[in-house]
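The next block holds one structure in the form of structure tokens; read it before the comments.
In this text the structure is predicted, and so the values were computed from the model without any measurement.
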Amino acid sequence: MKRKKINGFLIGVGVACIILFILINDKAIGYDQIISFPFVQIGNLIRKLSLSSPSGNATAWIVYVLFCAWPLLLLGLRIRKRSQNVADMLLVLLSALLFVSIYFMINPGLAVGVLMPAGLGDAWKMGISSVIYMVALGYIILRMIRRFQTGKTERLLADLEVILVVFAVLLVITLTLSMPFEIMREIEYIEAANTMTGIDFSLTHLFVILRKITIMIPLLYQILIVLAGFDLVQELKIERYSTEVVEKAIHVGNRCKEAIVATVLVSVLINVTQLIAGAKLLHSNYHLEIPLLSILTVIITMLLAKYFAHSVEIKKEMDLFV
């Protein structure tokens, strides 16, 4: 995938998230609603089909079994190809969790006393959905590790490209959708805690936004660092012993340095400004963002750049010798 297409795709994801935030701002989707998707919706669909007619009931059973048994079908395919390993046992657990969770999504009244004590509402939906996602993610990670151990360099670079793109998408979603919701929740919390009439929240709201900016700036730089890493992988796929590889590795390191400087300076500036305006603020929160990941990435990329440069020199000497 070319870099321009990736940039366009990420911009599209960001715009879509902003539009989604604007459309659902009044309802403010929470973590429980996000994490329980699509299991709640599947359960509602199956329940409606089951109650509609005899044929609808038969269709509901088919949908229920197919949706919950797909991990077992995948396991069967891997066994048939003789490519199964210990990690595939998680597919059995995942299928069992799907059967249980969708059953209770269809019959939510039965979950009381089984998945939750009475009085906690629909919290069990978030809990069981979280476990399903954890098991699925754990299986994917174990499969990726296995693939990395047995894969050739070209395949590893191709996999790394996909991982970087997925990581960039997640960062864009966090930046353009999750962060605005966090700002809204903090503003609502402050307003709920200060109910006296005549209170001016404008300055406090401004500093809520500014404090979130100290988190959003590292996220933005992480996206730039991931894209710079993508460029490096592209050059490694073309020619591992080229000067372009060294330049791209240095570029990744420079992006990380910029992220460190920008994050620390903005964090210090906002904390000092908050201290000056402290008497007029209804809510203060002092913290210094330390971009440890960026610092670690700088060290690693600088070592890689030196390694690549040394490899290029050895390659040139070998070519001259031949």
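In the hydrophobic clustering of this structure, Val162 does not group with Leu232; members are Ile, Leu, Val, Met, Phe, Trp, Tyr whose side-chain heavy atoms approach within less than 4.5 Å, directly or through other members. Note on Trp70: it does not cluster hydrophobically with Ile62, by side-chain heavy-atom contacts below 4.5 Å among ILVMFWY residues. When hydrophobic clusters are built by joining Ile, Leu, Val, Met, Phe, Trp and Tyr residues whose side-chain heavy atoms come closer than 4.5 Å, directly or via intermediates, Val166 is not grouped with Val13. Note: the hydrophobic cluster containing Phe21 also contains Ile215 (ILVMFWY, side chain heavy atoms under 4.5 Å, direct or indirect links). Linking ILVMFWY residues whenever their side-chain heavy atoms come closer than 4.5 Å, directly or via other members, places Val272 and Val264 in the same cluster.
In this structure a side-chain-to-backbone donor-acceptor pair under 3.5 Å is present from Tyr64 to Phe99. Thr273 places a side-chain N or O within donor-acceptor distance of the main-chain N or O of Leu269, the cut-off being under 3.5 Å. Ser267 places no side-chain N or O within donor-acceptor distance of the main-chain N or O of Thr263, the cut-off being under 3.5 Å. For Arg47 (side chain) and Met105 (main-chain N/O), a donor-acceptor pair under 3.5 Å exists by modelled atom type. Under the 3.5 Å distance criterion, the side-chain polar atoms of Asn85 are matched with a main-chain donor or acceptor of Ala87.
Between Ser36 and Met126 the shortest side-chain heavy-atom distance does not fall below 4.5 Å. Residues Leu175 and Gln222 are not in side-chain contact: their nearest non-hydrogen atoms beyond the backbone lie 4.5 Å or more apart. The side-chain heavy atoms of Val92 and Leu75, taken from C-beta on, include a pair separated by under 4.5 Å. Using a 4.5 Å heavy-atom cutoff, the side chains of Glu186 and Ile190 are in contact. Side-chain contact between Tyr133 and Phe39 is present, with at least one heavy-atom pair separated by less than 4.5 Å. Side-chain contact between Met89 and Gln84 is absent, with no heavy atoms from C-beta onward closer than 4.5 Å. Side-chain contact between Ser129 and Phe37 is absent, with no heavy atoms from C-beta onward closer than 4.5 Å. Inter-residue side-chain proximity for Leu236 and Leu160 is flagged as unmet; no heavy-atom pair is nearer than 4.5 Å.
Of all heavy-atom pairs between Ser95 and Ala69, the closest is OG-CA, 3.9 Å. In terms of heavy atoms, Ile106 sits closest to Gly43 at CG1-O, 3.7 Å. Minimum heavy-atom separation, Leu98 to Pro71: CD1-CG, 3.9 Å. Between Pro218 and Ile213 the shortest heavy-atom distance is CD-O, 4.4 Å.
Through ILVMFWY side-chain contacts below 4.5 Å, Leu73 is grouped with nothing and stands alone.
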In sequence, state the C-alpha distance, the side-chain angles, and the governing distance for Glu182 and Lys212, and then conclude on side-chain contact (heavy atoms from CB on, under 4.5 Å). CA-CA 8 Å; Glu182 287 189 16; Lys212 292 301 179 183; 3.4 Å; yes
Please assess Leu227 against Leu10 for the test side-chain contact (heavy atoms from CB on, under 4.5 Å), listing each intermediate value before the final yes or no. CA-CA 10 Å; Leu227 292 176; Leu10 293 178; 3.8 Å; yes
Apply the test side-chain contact (heavy atoms from CB on, under 4.5 Å) to residues Leu94 and Tyr139: give CA-CA distance (whole Å), side-chain angles for both, the deciding distance (0.1 Å), then the verdict. CA-CA 9 Å; Leu94 180 59; Tyr139 175 72; over 6 Å; no
Given Phe167 and Phe230, is the ring pair (Phe, Tyr, Trp, His ring centres under 6.0 Å) satisfied, shown in steps? CA-CA 11 Å; Phe167 188 37; Phe230 182 86; over 10 Å; no
Start with the C-alpha gap between Ile132 and Ser101, add the side-chain angles, then the distance that decides, and say whether side-chain contact (heavy atoms from CB on, under 4.5 Å) holds. CA-CA 9 Å; Ile132 291 173; Ser101 65; 3.2 Å; yes
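A distance of 4.0 Å separates CG of Leu137 from CD1 of Ile141, quoted to the nearest 0.5 Å. Between atom CD1 of residue Ile225 and atom CZ of residue Arg255 there is a gap of 8.5 Å, rounded to the nearest 0.5 Å. Atoms CG and CE, from Leu90 and Met134 in turn, are 14.0 Å apart once rounded to the nearest 0.5 Å. The distance from atom OG1 of Thr176 to atom CD1 of Ile11, rounded to the nearest 0.5 Å, is 12.0 Å. Interatomic distance, Arg143 CZ to Arg146 CZ, rounded to the nearest 0.5 Å: 8.5 Å. Ile223 CD1 to Leu164 CG: the interatomic distance, rounded to the nearest 0.5 Å, is 13.0 Å.
In terms of the ring pair (Phe, Tyr, Trp, His ring centres under 6.0 Å) criterion, Tyr103 has no residue partners (sequence neighbours excluded). For the salt bridge (Lys or Arg N to Asp or Glu O under 4.0 Å) test, residues two or more places apart in sequence or in another chain that qualify with Lys237 are Glu161.
Of the listed residues (Val40, Ile46, Asn44), just one forms a side-chain contact (heavy atoms from CB on, under 4.5 Å) with Ile42, and that residue is Ile46.
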